[in-house]
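Structure, as structure tokens:
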Amino acid sequence: MMGMVGITLEEITKKFGNFTALNKINLKIEDKEFMALLGPSGSGKSTLLYTIAGIYKPSSGKIYFNDKDVTETPPKDRNVGLVFQNWALYPHMRVFKNIAFPLELKKSSRNEIEKKVREVAKMLHIDHLLDRYPWQLSGGQQQRVAIARALVKEPDVLLLDEPLSNLDALLRLEVRAELKRLQKELGITTIYVTHDQAEALAMADRIAIIREGKILQVGDPDEVYYKPMYKFVAGFLGSPPMNFIHAEVEGGNIRIYQSKISVPKQYREIIKRLEITEVLFGFRPHDAEIIRGEREGIKGEVYSFEPLGREQIVTIAVNSDVFVKVFAPEGEHFSFGEKVTIVPNEERVILFDKKTEKALEYFP
Amino acid sequence: MRDVETRPRRNEWFIIAAIILVSLPLILGFFLLILSSFSEDMITNLSPSSFRPTIENWINVFQGKLAITGGIRQNILKITFNTLIVALGVSGIVTLISTLAGYSLSRMKFQGRKLMMLLLLMLHAFPGVALIVGVYLFYRLTFPQDPSMVRLYSFFYVVLARAALEIPMSVWLMKGFFDTIPWEFEWSGIIDGASRIKVWWKIMLPLIKPGILAVALFGFLAGWQDLIYVRTFLIDKTLATFIEANIEAEYSHMPLIAAAGTLYLLPTIIFFLTAQQLLLQGYSGGIKG
Ligand SMILES: Nc1ncnc2c1ncn2[C@@H]1O[C@H](COP(=O)(O)OP(=O)(O)O)[C@@H](O)[C@H]1O
Ligand SMILES: [Mg+2]
């Protein structure tokens with residue numbers, strides 16, 4: 001039903017006055033791909049989405065849909081569907097009219113409008129709400145109407161700007177699965193903006209992490225989660241975030257405050273080659289064990305522990321003002337101030353350069 | 001326990017009492033005027049004996065009689081109609097221009113936008129009387145040669161001139177209303193294929209209905225009530241100039257003028273009785289969680 005559309009962004013820069021909101025963005029989104037654009041608030045996600053839609057014109061750079069340069073194409077000729085963060089449903093129109101609006105502008109026939117609106121409403125389970133006004137709907141229903149309105153004109157590209165951020169947590173989980181399924185069924189090229197890392201990991205084929213208008217890394221969920229290119233990426237994905245500790249390299253060992261552990265296998269050569277002496281030692285709370293006896297590891301004292309049902313998060317003070325979080329099984333008992341040793345899973349440890357905060361394996 | 005919004009405020013009665021006290025002279029004045037229009041003599045005190053009810057005055061007003069005796073007649077229906085033309089004309093022009101200009105000032109970037117907003121504010125600060133010499137000069141310069149056109153032209157001119165006085169304020173008001181509408185509404189329309197003018201007409205205008213209503217009503221009242229401009233430029237009479245001309249005439253019967261005055265005040269009274277609801281009623285749009 002829809003044409004093949006891949007999107008290519010080439011050196012996209014967007015300035016608002018002196019402020020650079022997007023800084024030389026290069027990104028390729030394949031046909032039918034679900035791409036998540038993940039970044040903190042104010043990182044330029046919406047700006048990039050609006051630039052792709054044609055609402056903003058890039059200050060420099062080019063946008064291609066397939067091989068066609070659409071940089072100068074007005075929004076209405078790009079055939080994109082956009083769901084805004086606030087959904088922007090027209091309050092003076094009933095649901096039917098809201099969804100029909102794009103078709104009416106296209107001068108579709110009454111019959112066709114009727115048919116298509118009902119079809120898309122059925123698909124999104126809102127066909128019983130067509131006579132209501134938007135303000136008579138719940139948040140979840142309003143969101144479905146917004147998606148229906150974006151889909152009804154059968155766009156080549158679907159752009160979603162934090163569509164779930166106004167829903168409560170439980171509903172968000174439900175819609176998340178449904179939206180992912182819908183995207184695959186329709187086979188529509190989709191860019192999904194979110195600041196919620198769990199959402200991006202759960203839904204996307206690939207994730208682009210953006211910070212301060214720059215794309216830091218693009219990759220599938222496993223790649224960005226397990227092989228983060230920057231400390232920022234590592235810290236942004238996963239909850240609670242990855243632990244980072246300042247460490248010094250001493251020959252084949254790494255000194256972390258009073259403790260000394262050997263350099264993880266995968267980093268031995270790189271460290272030697274780069275002659276690095278100071279690193280950030282990173283490991284995820286799930287990728288370490290808490291040991292009571294004598295073992296090679298990072299020594300510390302139990303600062304606090306929070307049971308979470310099946311497991312607990314233990315906060316350990318490695319130094320007076322340096323804390324790390326590690327998961328422990330539910331049965332284990334800790335006491336405040338207890339001396340323990342953290343043994344990170346060697347394979348999962350990631351070392352970052354202290355100055356550039358880039359993971360060492362990504363150095364040329 | 002009541003909902004937060006409906007809980008009465010503690011000092012409410014005090015505030016209401018203060019408002020009533022301050023507006024008492026006004027209310028009393030209007031009350032006496034309206035009462036007099038139904039009385040054989042003017043009521044100037046509150047003694048009940050001076051009130052001798054009659055609807056004679058109203059009948060006379062609608063028959064166009066100015067004095068109970070004598071044969072001076074004026075077509076009051078025609079005068080009311082004239083007033084209506086001026087009021088509707090001013091209202092129409094003000095509404096059209098302020099919704100268009102308000103939209104562009106709120107939403108579009110163009111050369112001289114800042115300057116224009118500054119000038120609007122300054123223009124608003126000028127009282128109409130101060131401008132009247134210049135406006136009159138222009139009136140003379142553009143006055144038609146053809147005598148049959150003169151009356152029509154005077155209508156046209158007074159509507160335009162009076163509307164011009166209202167426009168700065170109305171444009172500001174409209175700009176304010178447009179400013180409150182999130183950009184996303186407009187962008188959504190544009191992505192879906194609407195032109196700017198279509199967005200303005202189909203999305204923006206319905207969203208600011210209360211604002212349009214306010215501007216239209218203010219324009220209407222301005223035209224309806226105006227005395228100075230109508231008197232200077234309009235060859236025919238409106239209610240305002242009619243009352244003004246007859247209030248001092250020795251033949252005039254005061255309760256009759258009171259009836260005409262009540263007629264003249266009617267739109268204002270209706271407006272203030274109904275408009276609050278209209279103005280406050282916006283769309284309860286936005287996001288629900
Ligand atoms: N129209 C604009 N004018 C000026 N600055 C803007 C405009 N739109 C966005 N910005 C700025 O650009 C940055 C990125 O904004 P945005 O793309 O909305 O971020 P995000 O969607 O990631 O939260 C922010 O610092 C924001 O203040
Ligand atoms: Mg945003």
Side-chain angles (χ1 to χ4, degrees), chain A residues 46 49-50 52-56 74-93 97-108 133-143 146 149-150 152-153 155 157-159 161-162 164-169 171-172, chain B residues 3 5 95 99 102-104 106-111 113-114 174 176-216 277-289:
Chain A
S46 298
L49 210 63
Y50 294 162
I52 295 170
I55 292 168
Y56 290 155
K76 70 181 165 70
D77 299 328
R78 297 191 187 195
N79 199 22
V80 301
L82 207 165
V83 176
F84 291 92
Q85 185 168 2
N86 63 3
W87 304 328
L89 298 178
Y90 310 128
H92 57 291
M93 298 183 193
K97 192 96 176 36
N98 259 288
I99 302 176
F101 194 65
L103 297 179
E104 278 172 11
L105 290 171
K106 271 203 209 167
K107 308 246 181 303
S108 306
Y133 282 100
W135 44 270
Q136 294 171 314
L137 304 180
S138 73
Q141 291 166 334
Q142 290 188 24
Q143 190 247 11
R149 187 177 64 187
V152 77
K153 55 181 181 176
V157 177
L158 182 60
L159 306 172
D161 193 355
E162 314 210 17
L164 307 187
S165 62
N166 290 314
L167 303 182
D168 57 69
L171 191 58
R172 214 179 300 168
Chain B
D3 291 348
E5 310 89 77
T95 309
T99 43
Y103 176 80
S104 359
S106 164
R107 288 302 215 244
M108 291 173 168
K109 249 193 239 165
F110 53 87
Q111 281 278 315
R113 179 173 165 275
K114 282 249 165 67
M174 277 334 257
F177 273 100
F178 281 116
D179 283 346
T180 63
I181 301 179
W183 271 100
E184 281 87 346
F185 284 106
E186 194 160 353
W187 286 337
S188 177
I190 287 175
I191 285 178
D192 289 342
S195 57
R196 275 315 264 278
I197 194 88
K198 212 163 210 167
V199 165
W200 174 79
W201 175 249
K202 289 211 141 176
I203 299 172
M204 304 300 267
L205 286 196
L207 288 175
I208 52 158
K209 255 191 213 154
I212 299 174
L213 207 70
V215 164
Q277 259 82 13
L278 290 173
L279 290 183
L280 291 179
Q281 152 211 76
Y283 280 103
S284 50
I287 293 152
K288 281 194 279 181

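When reading the values below, keep in mind they use all heavy atoms of this one structure, side chains included, and skip hydrogens, waters and symmetry mates. Here is how names work: the chains are called A, B, and so on, in the same order as the sequence lines, proteins then strands, and each is numbered from 1.
The shortest heavy-atom contact between Lys76(A) and Ile190(B) is CB-O, 3.7 Å. Closest of all the heavy-atom pairs between Asn86(A) and Pro182(B) is ND2-CB, 4.1 Å.
Heavy-atom distances place both the backbone and the side chain of Lys202(B) under 4.5 Å from chain A. With a 4.5 Å cut-off on non-hydrogen atoms, Phe101(A) touches chain B through its side chain but not through its backbone. Looking at Tyr50(A), the atoms closer than 4.5 Å to chain B (heavy atoms on both sides) all sit in the side chain, from C-beta outward. Contact of Leu89(A) with chain B is made through the backbone alone, with heavy-atom distances under 4.5 Å.
Side-chain atoms of Ile55(A) and Ile191(B), non-hydrogen and from C-beta on, do get closer than 4.5 Å to each other. Side-chain contact between His92(A) and Leu207(B) is present, with at least one heavy-atom pair separated by less than 4.5 Å. Between Arg149(A) and Asp192(B) there is a side-chain heavy-atom pair separated by less than 4.5 Å. In this structure, the side chains of Ser188(B) and Leu82(A) stay at 4.5 Å or more apart for every pair of heavy atoms.
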Between Trp183(B) and Phe84(A), does the side chain to side chain contact (heavy atoms under 4.5 Å, CB included) criterion hold? Intermediate values first, please. CA-CA 10 Å; Trp183(B) 271 100; Phe84(A) 291 92; over 6 Å; no
The test is ring-ring contact (aromatic ring centres under 6.0 Å, His included); show your working for Trp87(A) and Phe185(B) and say whether it passes. CA-CA 9 Å; Trp87(A) 304 328; Phe185(B) 284 106; over 10 Å; no
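Ser104(B) meets the side-chain contact (heavy atoms from CB on, under 4.5 Å) test with Met108(B), Phe110(B); sequence neighbours excluded. Partners of Lys106(A) under the side-chain contact (heavy atoms from CB on, under 4.5 Å) rule, at least two apart in sequence or in another chain, are Ser108(A), Lys153(A).
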